[in-house]
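Each remark here refers to the structure printed beneath this line.
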Amino acid sequence: MPATFTKIASVSISSTTATVTFSSIPQTFTDLRFEIGYSEASPNGDGRIRFNGDTTSTTDFAGVFRNASTPVEFGGSAFTPSTGGVTIYQNCNTSTGASRDNCAHNSFDVIDYRNTNKYTTITSRTYTPTNSGWTNLTGAAIWRNTAAITEAAVTANGSWGAGTIITLYGILRA
Amino acid sequence: MYIRIAQNILTGNAASVTFSSIPQTYQHLMVRMSARSDSGADRDALLFAINGDTNAANYWRGSASRSNATTSGDTGSASRTFPLSCTGGTAVANVFSATEITLSRYTQSVTKLLGFYASSTDSDSDSTLTIGSLIWPFTSAISSLTISPSSGGNFVAGTTVNLYGLG
């Protein structure tokens, strides 16, 4: 595994930032991975990853185990497709007072991001503890666009707090 | 880069696996393991101790599982276990659980978060998917991590536990 993951770029946030954009993504890997370890500066809500600045293509999402109090599966008709990008389930905030609120982590794999003959599939894992309920989620999304991904904008519901680290890796399969 | 920091391939039973003197040079850590315990049940939980802290009251965990048609979970409880994340001794022979654990921002002065994602199998080949997270509400850096079967038994030979640094 070590030789197949290469860090393309990493952003460490020292003051609140709404969006981190990775542009000119190299077209030399097979897949991409985002690792987002964060503190959220704004109250509960969900962010997104938008590819190539696209605000019109539909993005489907399906997942299991959102909200651990009543584990559920959602997707299909239970989920309204988005046109704003892939949803980042956050629900992590500092406003409710407990120290355990101020941390969360999301991982996204973007599969075959250069291929132009199919839509792009994204798999995700989300770990967000809060006072009001936990969102521990594994999910998959489809960005209904066949373009190669050259840019990714990672946006918080409000803003990423200080201490957030957002890193983009390239994965090269053997 | 993902760099392998340490590797444990058990050739005999072991009560626990400990990573100590963890380098403080990465953004996150990841543990990937294939495990089975010798417990008297078909599935076991993994038990964690961060920096030697074995006080369950210092941890907070939420998780959810799906097994065949059954879901289970909790909204958060004082616990340092990851439920249903290790194959137990009475499960189908030769089956080991697959588990990935992310230790987010382990050197930063923030509350520590462990995210876990596991598949285990019980006695009739019924696979279980579990995902959850665990909070250790201290800001000190993580320098050691001990993983053991919650049952109090041993990991059996063939268990592998690898630690990676995400740079």
Side-chain angles (χ1 to χ4, degrees), chain A residues 1-8 10-13 33-39 63-73 91-92 94 98-107 123-139 161-167 169-171, chain B residues 1-5 7 26-30 32 58-67 69-78 82-83 100-119 129-139 162 164-167:
Chain A
M1 187 166 79
T4 63
F5 282 73
T6 300
K7 183 167 67 180
I8 296 173
S10 182
V11 175
S12 296
I13 293 172
R33 172 170 289 188
F34 295 87
E35 294 284 355
I36 308 170
Y38 65 93
S39 303
V64 290
F65 301 150
R66 187 181 187 204
N67 191 341
S69 60
T70 51
V72 296
E73 299 139 325
N91 293 317
C92 167
T94 58
S99 61
R100 64 174 177 267
D101 281 356
N102 194 18
C103 58
H105 196 99
N106 293 65
S107 298
T123 60
S124 68
R125 296 171 194 177
T126 295
Y127 308 109
T128 62
T130 71
N131 270 347
S132 56
W134 297 51
T135 298
N136 296 308
L137 169 75
T138 176
T164 296
I165 303 173
I166 303 176
T167 303
Y169 297 92
I171 303 173
Chain B
M1 297 284 284
Y2 279 43
I3 303 296
R4 190 173 69 198
I5 298 171
Q7 181 178 45
Y26 300 100
Q27 295 176 349
H28 317 290
L29 299 174
M30 183 174 288
R32 293 168 69 89
N58 287 339
Y59 297 80
W60 197 258
R61 182 215 64 210
S63 68
S65 296
R66 172 81 181 189
S67 177
T70 304
T71 59
S72 60
D74 63 80
T75 57
S77 57
F82 292 169
E100 180 180 280
I101 303 144
T102 301
L103 290 78
S104 184
R105 299 186 295 168
Y106 71 107
T107 65
Q108 279 195 23
S109 181
V110 296
T111 294
K112 297 301 179 295
L113 171 73
L114 276 67
F116 65 100
Y117 181 72
S119 172
L129 171 68
T130 301
I131 188 166
S133 50
L134 179 150
I135 290 298
W136 188 61
F138 300 101
T139 57
N162 295 322
Y164 297 89
L166 281 59

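In what follows, chains carry the letters A, B, and so on, assigned in the order in which the sequence lines appear, proteins first and then strands, with residues in each chain numbered from 1.
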Exercise. Identify which part of B/Leu129 has an atom lying under 4.5 Å from any heavy atom of chain A, answering side chain, backbone, both or neither.
Key: both

Exercise. Flag the one option from A/Thr164, A/Thr126, A/Thr138 with the top tally of heavy-atom pairs under 4.5 Å to chain B.
Key: A/Thr138

Quiz item: Is any side-chain heavy atom of A/Ile165 closer than 4.5 Å to a side-chain heavy atom of A/Ser10?
Solution: yes

Quiz prompt | Beyond-backbone contact of B/Leu29 with B/Ile5, side-chain heavy atoms, under 4.5 angstrom | solution = yes

Self-check item: Top of A/His105, A/Lys7, A/Glu35 for chain B proximity - count of heavy-atom pairs under 4.5 angstrom
Solution: A/His105

Quiz prompt | For chain A, the option from B/Trp136, B/Tyr117, B/Phe116 that forms the most heavy-atom pairs under 4.5 Å | solution = B/Tyr117

Quiz item: If we ignore angles and hydrogens, is there a donor and acceptor under 3.5 Å between the side chains of B/Arg105 and A/Ser39?
Solution: yes

Quiz item: Do the side chain of A/Asn136 and the main chain of B/Gly62 share a donor and acceptor less than 3.5 angstrom apart?
Solution: yes

Quiz prompt | Residue B/Ser109 versus chain A: region with a heavy atom under 4.5 Å | solution = neither

Quiz item: Is the gap between the ring centers of B/Tyr164 and B/Tyr2 under 6.0 Å?
Solution: no

